[in-house]
Amino acid sequence: MSAGDFLILRNDSSVATLPNAGSNLDALWDTEVIDEGSAATYSAGTFTFTNTAPYLIIYSERFDTSDTTNNERIEGQGRLRVNGVDLIEGACEGYIRKSSGDQDMIISGVAIYNATATDTLVTRFYRGDDSTSGTVLRVPDFGGVQIIELDAADDYARYSTTSTNSITSTEASITNWTNAQQETGFSRTSGAVTITTAGRYLMTFSSTSSETGSSRIGGTVFLERGTSEVTGVRGYTHMRGADGTKNGALSFAAIVDVSASDVFTLRTDADNGAVTLDSGSVWQWWKLPAGNETAIMEATTGNMNITADFVWDTLPHIDTGGFTATAGTANIDVDQGCHLLAFWNQGKKVIDSVQRATPMGQVALNGVAVNYSASSSYHRNSSSIGTFMVHSGAALLQNVPAGTEVTLKNTLLAASGTLDVESGHFSLLNLEGLYTTYTYSFPVTITDVDTDEAILNSQTNVIITGTEFEAVQGTGLVELVENSNYTGTKVTQTIDSWADTSIQFDTVAGALADTNCFLFVTNDTGGREFIAISVGLPPETYQEAQEALSPAFQHYWTFQNTYADEVGTATANNGSGGSPSFPATPIVKGDTHSLLLNATTEYISPADQSDMNTSSSATRRMMSGWIMLDSIVQAVSVVWEEGAQVNNYAWLIGFGNSLMLQFADDGGDYVQVYFPVTLTPNRPYHVYMEFNASGQNGGVCRGLLDGIPNVLSNGNPWEVANFPSHSGNISWGHEGTENLQVGDSRGVDNVDIAFATPVACHYAHFISLQNNEYSTTQIREEMFEKGALATATITGGTEAAMQALMDAEADTLFPDYPCSIEVGVCTAGSFELTLDNITFEDRVSLQIRYTGVDTLTLVMENGTVLNPDKIGTPYGGTVTLINAPTLTVTVVDFDSRLPITGARVYMVAASGGPEAEGDVLLTGVTDGSGVLTGTYRYSSDQPVSGWVRKSSSGALYKHTPISATITVLGVATAALMTRDD
Amino acid sequence: MAYRDDISALGADHHWDFDGDSLDQIGSVNGTDTSVVYTSAAIALDATNCVETNAIADRVSIPTTTEINNSAQARKAVGGWFQATGIQNPPKSIYGEGDATQAFRFILGWGNSLMFEVDSASFTLQIYGDVPLAPNRAYHLTMIFENSTYGNELRAYLDGVKQLNAEPINRQPGASTLPARSVAEFGDPAGTVGVGGVAVILLAPINGKWNHWATWGDEADAVLTDTEVRVELFEKGAIAGSTVSSDLQPSMQAALDLLSTAQPNEPCCIEVESSPGLPELTLTSDKTFDPLASIHYRNNGVSETLTIVNINGGNASIGSAPFGGTIIIATRQTLTVTVLDNDTGVGVAGARVYIKADTGGDLVAGTVIANVITNGSGVATATFDYTNDQPIIGRVRKGSSSPYYKTNVVSGPLTSTPLAVTILMLKDE
């Protein structure tokens, strides 16, 4: 016996055809995820059970077809086939009706099977329909099989029907059971099963079915406790008397929190005609082993036909210590590393507006969907053709680290629109501690890595803090890993020291240099945990980014509570006036301080420098840094100067915070550089000054503000070969004892001015470089974009979490600031965010800064306009902009001109545009104003056609065509409808 | 009325036209010239020459005068035309009264950035020009001071447009009067002066040019209105870059067509004289205007209406009619009505599109805007010269030949976005 052993295989690459009716696909599973123990073996599509024992078997596969022939239907069946015989346990069905984009189905089943050692199991898929249009193929990286051996000592009951059951739109109980196996704690009277002992139980039901008419029929089976439905414990199958899709199958499972002596029945219902459940339908109960830890969430509202983590309303049961969860949220958090079983059903009971929708559910760990867990179902809306819909699934999740957020991620596979869950269930069972074979005795937690989860490619002495690292390293490892599920490239780190709560290591980036990846710690007991980390990316502080610039500069003053020259010896306060200070007012990203000069006589000054003011051989010279003025400075003032009297470089402020750069050589030349904007108070700017002597870059002296070159100067080009020694003070602020001459000394148009120091002015990160230069790209990306303070930050995380943060910025006009929105790194790598009516002041220098290295797609909706020139990706990422203008269809009564509510609009792509003809671009019903709106991802003009109709309720109208063209502005079209009643 | 008379009519106390000399044209406060010349052409109307500084020490000094500098003032206004021939490196004085701490001053610096400054012991008010002054382009500058007994506001105008970028932003002097100051000077100040309350040596612009400067002392006339500054002082005095001379309409249209399509940065780009005997003159314009030009078209007529219709991408938008006429600037639009069969989505040929003006717009109600028949694709087009939103009554019908259709409505109003609508028609057979 080896209860708890399990085996998981999945389909990584097969695109095998699901053949037409009459042939079968006995699936091959090409990738072993994990073989924990010896539950079963696998070879060439056949599993062999190792032991005589009960097994929980979960399987699923996704199929799709590229064929869009309308009015063609696919019925896909799934069976567990043991020793050459199809079981009714785990039978399942998928359905495709090729319209409205419905071209996918996921066939998923779950059941307990009492195996005899050496029994063989094949997972079989086949088609019941008679359609011959197109082909149906497996979708790689979606399906899988999970087999876990259960303990036969646990209480168990299995009931099977002795005859068929006709289920209709009148709810009824299934009563024709026989006790196939009934152990201690269970008793049955007719259709009612009484459970003696309180606890958590796994319940499953499996059946096959058929219909004989031509209607669309959905049959549903659900669990009642007493006379009340147990929310979310429900299954469903869909059939249609066309194209031979007359057969259904369903299996579903759920963890049920049982009180002592609870009485349960299985109830049936159908939405349009009669469904026959085959004889031999199976109802199973398994009492979870002692010490089990479970969490159960339920929902009676919420849209499942959407791409997002589903939010659950209630939390009827949770074992704290094993899980953490809150009602009204999407996630159940795992408190300790473990293997997990997950079960879910999402069902609706009344009509929804979406036609031919196919919602999908997948278990996701920290936002990343598990690639062998999925379920879907088909929904057709109409009171006459179907109202029910449930998709059911289960998954065995291996090696889930502590702290993992487990969610059910929905994805819409076909038409968009709301499908509200009215009976939903999501439950988890922690297998840790139930079976002795598992190794999570000392689960690792990681609290922090290097303070900001960012390290350099070759960084020494990186500190990881956490718990349960174990006192000795033993077999423990610290690794950089490409994927959060511990797959892909792994690079082992060099350990300096190892203790129970901290590890010090030196970074070995290897193939994971300059990426976002995951840092895993594995302890000596096999406990493992990870944390998302950036390697060689924005990890670097702004100072590190500056010090990495090439060519290397000669002087660097960060002014982070220090006057120190970080690369040279020119300490900035060799001389000073007044009381300069370092308030905790950062003006650069990541900073804590800035230098503040707060009086007209304040200044600081380093000693003369041979590569600055006392050099007589400069052919090129640059000085850059961040400044921020607290107000409009009325007196003409010196922000920074080098030299005095007639020979100097100077940054001068005045005339309403107009910034002017001066290059003055008494006997040589004189140039002024101006900027097109005045400096906004309390808004940091990056200023870059560049001197070029004759023969260097055309002798053009220039300045850049926030990395953008100036557009106006007077006196260019410089006409002599270098800049003379100018031994007056180097000073931030004006040193005060010597005037500066403004104007060309070679003529008469000049004047000495006793400048002041601007009040008040902040400074940070000043850099000096002589006889070399930086490119405009370096100035913009490395100096400005990496340091620009942002008004808002979309913190890195899951795509859904980041979208939620972006949604909070909707309808915002971002003010004048260096950067408006910083977008962090997504756990999904490349990702997409939608911006809803987000606009920017013209003077914003950087609208979006993306700090990742992957591709960020920004969808501009509802008036959002992004300027591609103001999108920054200083760490190598890519940003793609998609304009998503609004589509509006307004439907009015031709005679009364009043709006028509509830009219169905169906807009598809016509020929002549980028979309495939027939693609559905907008569908739904009009609101109380007769309006239906949507969005369209615009790339070029797209002709559209379609129709509007209202023929099923209230005032009836004739079918009305629509025709228009979507432009960059979207489309707003009207339809006039005439009555048809 | 000549421009100088317009200035006088505003109640100015003193007026130096600088047309050959610095004599006061209204009072008797004649200027004293230091090295200035009067050889260059005038930079405003109603003068032949202007005064010009061509060295940093050049100036015109105004004798001390109660109405100008030698008294405390609760109200005060100064304005006139100025032009520089290049970007000034050191800061320069265009006009100034006072010293480093008591001042009423127009200053140029930091790339020809313009600053209006008034200083007293209790305040330093600065107003900054929206744009740096372009070399060789005349500008009209005005500054008006009112303490809190009056409007409690310092106002500054560039080409008659109020400038609002200021420190402090409210531009309020409070209760203090402007104390007596040393004499007024155009160009280089003889004494010590300042910027922002700090001593700064200011020089004469090289070269600077002035015409038609006037002052108003502490009296009601000094509180010039926005319209007086814009229309009377700026629009009436601006020299136009081009003139469409009086002639018959076709000849005037031909003359306008000959002008450069791209119009430069000017105080006034094109002035149009009236056409003999024609009370309403309409000209089409394909001109595109520098965004810094202050007047695109000026109607020089005294009672006539000039309508400029933008065509072919023309973007005239700033009109002026300071002499009594009227100017209308319209943009020619193509109205497009596509008529489709509601059931088939196919274009309806031969349908009549009829659009007429409704009440509430510029056009008289009932004026026919379009009366056209759809072509084989169901499309009908018409042109419309848009000035303001125009309510309409629109109908589409096809009732005279089979297939017949019920009448449908074309909704308005016509806006700055050309009408382009699809009208669905129901058969009526």
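No hydrogens, no waters, no symmetry mates; every other heavy atom, side chains included, goes into these values. Throughout, protein chains are lettered first and strands after them, A, B, ... in sequence-line order, and every chain is numbered starting at 1.
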Under a 3.5 Å cutoff, is there a donor and acceptor pairing between the side chains of A:Q662 and A:N648?
yes
Return yes if a side-chain donor-acceptor contact under 3.5 Å exists between B:S122 and B:S176, otherwise no.
yes
Heavy-atom pairs under 4.5 Å with chain B are the metric here; pick the option from [options] that has the most.
{"options": "A:I962, A:T678, A:I653", "result": "A:I653"}
{"options": "A:F755, A:W947, A:Y674", "result": "A:Y674"}
{"options": "A:V751, A:T960, A:D749, A:I753", "result": "A:D749"}

Segment of [X] engaging chain A (4.5 angstrom heavy-atom cut-off):
{"X": "B:I127", "answer": "neither"}
{"X": "B:V195", "answer": "both"}
{"X": "B:I206", "answer": "side chain"}
{"X": "B:V409", "answer": "both"}
{"X": "B:I87", "answer": "both"}
{"X": "B:I56", "answer": "side chain"}
{"X": "B:T422", "answer": "neither"}
{"X": "B:A166", "answer": "backbone"}

Does [X] make a cation-pi contact with [Y], if we ask for NZ or CZ under 6.0 Å from the ring centre and within 45° of the axis?
{"X": "A:R979", "Y": "A:Y957", "answer": "yes"}
{"X": "A:R904", "Y": "A:Y906", "answer": "no"}
{"X": "B:R155", "Y": "B:Y157", "answer": "no"}

So what's closer than 4.5 Å to chain B heavy atoms on [X]: side chain, backbone, both or neither?
{"X": "A:S658", "result": "both"}
{"X": "A:N657", "result": "neither"}
{"X": "A:A964", "result": "neither"}
{"X": "A:L652", "result": "both"}
{"X": "A:I632", "result": "both"}

Hey, which of B:L426, B:V200, B:V198, B:L203 has the most heavy atom pairs under 4.5 Å with chain A?
B:L426
Ranked by heavy-atom pairs below 4.5 Å to chain A, first place among B:L340, B:D341, B:I201 goes to B:I201
Closest heavy-atom pair and its distance - [X], [Y]:
{"X": "B:P403", "Y": "B:K398", "answer": "O-NZ, 2.9 Å"}
{"X": "A:D666", "Y": "A:S745", "answer": "OD1-CB, 2.9 Å"}
{"X": "B:P205", "Y": "B:G187", "answer": "CD-CA, 4.3 Å"}

Intermediate values then yes/no, side-chain hydrogen bond (donor to acceptor under 3.5 Å, both in side chains), B:E52 and B:S40:
CA-CA 7 Å; B:E52 182 173 8; B:S40 290; 2.5 Å; yes
Show the numbers, then the answer: is there a side chain to side chain contact (heavy atoms under 4.5 Å, CB included) between A:L659 and A:Y685?
CA-CA 11 Å; A:L659 178 65; A:Y685 289 90; over 6 Å; no
Should the ring pair B:W210 and B:F186 be called parallel, tilted or perpendicular, given that the plane angle runs from 0 to 90° and is split at 30 and 60?
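Plane angle over 60°, so perpendicular.
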